[in-house]
Amino acid sequence: MHLTVLAASGATGRELTRQALDRGHTVMALARNPERIAVSDSPLLSKVAADVRDRASMEAALEGSHVVLSGLGVPQGDQPGILTLGAHTVIAAEPQRIIWLGAFGTGASAQAAGWATRKLVTTFLRSELTDKVTADTAILDAGGTVFHPGPLTSGALSSTRRTVELAAVPRRFLPPRISRATVAAAMLDEAQTPRYAGSTAVPLER
């Protein structure tokens, strides 16, 4: 498959890029500064400069993309709005599929998360929450898939990973932590075998 990875220089974006290449996919990795895409060079990889704040650069980079996977987050110090801007720009490119990274306890997964997680989310993501929910909603309305993992770690890929619908999320006081490697693998599984188009999915390590 030919995959486009948005925010490929970030922690999750690097995992998406690395694992996609390991699976034999052709990858176009987008980043504001492509030199920061810390992935070994491969004949299957092309690194492209594109910034969600620069719509023209994004439109040019996304033209002809079939499957877009996003590891986009809000960089420290940036004002909220990046996620919504990125979502609308990707949607406008009309790829066949969009697989988007969200956060457990926001938007569609808020009720499944329970009150303690909702309290943490509203406390620590206060300035970003509306941006996250608005971006997620736009992606879902466009038929994309939004992944809502719990708190991310730098751990290894889980050998017992699984992905569930919101209704099947285990009830816990706090959401389980999950490695970025496991989340990236779940998103790539969805790219290869779509199961959650137009819905929110939750990756778990066991």
Taking all atoms of both residues into account, what is the closest heavy-atom pair of P34 and K47, and its distance? O-CD, 3.8 Å

When you compare the side chains of H25 and Q19, does any donor N or O come within less than 3.5 Å of an acceptor on the partner? no

I need the minimum non-hydrogen distance between P203 and A186, along with the two atoms involved. CB-CB, 3.9 Å

Same cluster or not: I99 versus L16, using hydrophobic residues (I, L, V, M, F, W, Y) connected whenever any side-chain heavy atoms lie under 4.5 Å apart? yes

Does atom CD of E165 have more than 12 heavy-atom neighbours, drawn from other residues, nucleotides or ligands, at distances under 6.0 Å? no

Is it true that a side-chain atom of S70 and a backbone atom of L101 form a donor plus acceptor pair closer than 3.5 Å? no

Taking S158 for its side chain and E205 for its backbone only, find out whether a donor-acceptor pair lies under 3.5 Å. yes

NZ/NE/NH1/NH2 to OD/OE distance under 4.0 Å, R23 and D189: yes

Interatomic spacing from NE2 in H88 to CG in L83 - rounded to 0.5 Å: 11.0 Å

Could you walk me through whether D131 and L129 pass side chain to side chain contact (heavy atoms under 4.5 Å, CB included), step by step? CA-CA 5 Å; D131 189 20; L129 187 55; over 6 Å; no

Check whether any side-chain N or O of R118 sits under 3.5 Å from a backbone N or O of A110 as a donor-acceptor pair, and report yes or no. yes

Verify, without hydrogens or angle tests, whether S109 (side chain) and T106 (backbone) share a donor-acceptor contact under 3.5 angstrom. yes

Mark yes or no for whether T117, through its side chain, and G114, through its backbone, hold a donor-acceptor pair below 3.5 Å. no

Could you tell me whether R36 atom CZ has more than 12 heavy atoms of other residues or ligands within 6.0 Å of it? no

Are V146 and V52 connected in a single hydrophobic cluster, I mean Ile/Leu/Val/Met/Phe/Trp/Tyr linked by side-chain heavy atoms less than 4.5 Å apart? yes

Check whether the side chains of T89 and E59 place a donor and an acceptor atom closer than 3.5 Å, and report yes or no. no

Is the backbone N or O of V74 less than 3.5 Å from a side-chain atom of E128, with the two atoms forming a donor-acceptor pair by type? no

After noting the C-alpha distance and the side-chain angles of I91 and D141, does the key distance pass the side chain to side chain contact (heavy atoms under 4.5 Å, CB included) rule? CA-CA 10 Å; I91 291 166; D141 288 347; over 6 Å; no

Do we see a donor-acceptor contact under 3.5 Å between the side chains of S179 and T182? yes

Considering all heavy atoms of both residues, which atom of S9 and which atom of N33 are nearest to each other, and what is their separation? CB-O, 4.5 Å

Are any side-chain N or O atoms of T84 and backbone N or O atoms of G81, one a donor and one an acceptor, separated by less than 3.5 Å? no

SB check D136 K132 (cutoff 4.0 Å): no

Report yes or no: does H148 contribute a side-chain atom to a donor-acceptor pair with the main-chain N or O of A103 at less than 3.5 Å? yes

